[in-house]
Amino acid sequence: MRKRSFFISGGVLLCLILTGCASGENDNGEENVKNIVENLFEDLDDSQYEALRQTDDQAVSDSVTSSDLPQWVEDRFKEDMTEEGYASFTGTAFYEIPAKAYEAHKELDLENLNIQKEEDSYDISGKLTLESEEGTQSMDIQGTAQTDDQGLVSYLNISNISEIIESLES
């Protein structure tokens, strides 16, 4: 009888441990998605912007094809992403959102960021405020992300990115 209760207790403990580990993976994925989105809408300082500029003083928006990205891009995004996800992210120049804000003298403020786990992806929503001397403009952000089995972001899509870019350029 003692052996039986020992095995049952051990089985219950094992289930609790496995459940805890599985939920940790989900939390890790959600945290990584959150980090990427927050860093995407974080202002640049002067040195970060200068690091992104080309040597011939072209605007950042003219240097999209540059394969030599500054260290701050890697620092902000690479740790939370898969290699393929990071390559896609930098290939589509998502990192230019804070650079475009810098060029337009607008400050980014992301509020009410909500990351909801769905079956095999995360739904992203929040409110982005652009502040400048001309005034304040707010818009909702919507998007999706996917993570691998280690919780690293393998895919990110902000569905209204063109609206955000248009607002930054106006």
Side-chain angles (χ1 to χ4, degrees), residues 28-118 121-148 150-170:
N28 190 34
E30 184 174 327
E31 187 66 28
N32 289 341
V33 171
K34 179 182 178 208
N35 289 342
I36 296 296
V37 175
E38 286 177 341
N39 284 325
L40 183 61
F41 297 109
E42 182 180 316
D43 291 317
L44 296 182
D45 63 29
D46 293 339
S47 65
Q48 290 170 324
Y49 178 77
E50 289 302 322
L52 194 55
R53 292 183 68 183
Q54 292 185 345
T55 56
D56 59 356
D57 292 326
Q58 290 181 344
V60 172
S61 55
D62 295 336
S63 64
V64 173
T65 58
S66 174
S67 60
D68 298 322
L69 296 175
Q71 186 64 41
W72 68 261
V73 175
E74 185 174 317
D75 292 345
R76 281 190 183 191
F77 304 109
K78 193 168 187 175
E79 182 178 309
D80 297 318
M81 302 184 91
T82 63
E83 281 188 45
E84 298 81 15
Y86 181 73
S88 174
F89 181 85
T90 56
T92 56
F94 265 131
Y95 60 86
E96 283 210 357
I97 289 172
K100 288 185 179 296
Y102 183 96
E103 289 176 342
H105 306 287
K106 295 180 179 182
E107 291 183 20
L108 302 167
D109 185 26
L110 181 61
E111 299 174 336
N112 303 324
L113 180 60
N114 186 24
I115 312 288
Q116 279 297 126
K117 174 82 169 133
E118 296 299 322
S121 65
Y122 293 89
D123 287 336
I124 303 164
S125 63
K127 181 179 177 183
L128 179 64
T129 303
L130 306 174
E131 296 180 37
S132 67
E133 289 181 6
E134 292 88 37
T136 302
Q137 179 183 7
S138 294
M139 65 190 75
D140 292 329
I141 64 162
Q142 304 282 326
T144 58
Q146 293 179 340
T147 58
D148 68 1
Q150 297 175 348
L152 297 174
V153 177
S154 58
Y155 171 81
L156 175 72
N157 177 45
I158 303 296
S159 57
N160 60 331
I161 195 74
S162 59
E163 175 189 349
I164 294 168
I165 301 259
E166 187 177 302
S167 296
L168 287 170
E169 293 177 339
S170 63

To the nearest 0.5 Å, tell me how far [X] [atom1] sits from [Y] [atom2].
{"X": "N35", "Y": "D80", "atom1": "CG", "atom2": "CG", "answer": "4.5 Å"}
{"X": "T129", "Y": "E107", "atom1": "OG1", "atom2": "CD", "answer": "11.5 Å"}
{"X": "L69", "Y": "E96", "atom1": "CG", "atom2": "CD", "answer": "9.5 Å"}
{"X": "L130", "Y": "S138", "atom1": "CG", "atom2": "OG", "answer": "7.5 Å"}

>> Tell me which one of V33, T144, I36 satisfies side chain to side chain contact (heavy atoms under 4.5 Å, CB included) with I124.
In response: V33
>> The test is side-chain contact (heavy atoms from CB on, under 4.5 Å); show your working for I141 and F41 and say whether it passes.
In response: CA-CA 11 Å; I141 64 162; F41 297 109; 4.0 Å; yes
Determine yes or no for a side-chain-to-main-chain donor-acceptor pair under 3.5 angstrom, with [X] supplying the side chain and [Y] the backbone.
{"X": "S154", "Y": "Q146", "result": "yes"}
{"X": "N160", "Y": "Q142", "result": "yes"}
{"X": "Q48", "Y": "D45", "result": "yes"}
{"X": "D109", "Y": "E131", "result": "no"}
{"X": "N112", "Y": "K127", "result": "no"}
{"X": "N157", "Y": "G143", "result": "no"}
{"X": "S88", "Y": "E84", "result": "no"}
{"X": "R76", "Y": "Y95", "result": "no"}
{"X": "N28", "Y": "Q150", "result": "yes"}

Check whether more than 12 heavy atoms from other residues, nucleotides or ligands sit under 6.0 Å from atom [atom1] of [X], and answer yes or no.
{"X": "E166", "atom1": "CD", "answer": "no"}
{"X": "E83", "atom1": "CD", "answer": "no"}
{"X": "Q137", "atom1": "CD", "answer": "yes"}

> Which class fits the ring pair Y102 and Y49: parallel under 30°, tilted 30 to 60°, perpendicular over 60°?
Replying inline: parallel
Going by heavy atoms in the side chains, are [X] and [Y] under 4.5 Å from each other?
{"X": "W72", "Y": "L52", "result": "yes"}
{"X": "L168", "Y": "L108", "result": "yes"}
{"X": "K106", "Y": "S170", "result": "yes"}
{"X": "L128", "Y": "I164", "result": "yes"}
{"X": "V37", "Y": "L156", "result": "yes"}

> Which heavy atom in E74 sits nearest to a heavy atom in Y86, and how many Å separate them?
Replying inline: CA-OH, 3.4 Å
> What are the two closest non-hydrogen atoms of P70 and A51, and how far apart are they?
Replying inline: CB-CB, 3.6 Å
> When the ring centroid of F77 is compared with that of F89, is the distance short of 6.0 Å?
Replying inline: yes
> Could you go step by step and tell me if I161 and I97 meet the side-chain contact (heavy atoms from CB on, under 4.5 Å) rule?
Replying inline: CA-CA 9 Å; I161 195 74; I97 289 172; 3.1 Å; yes
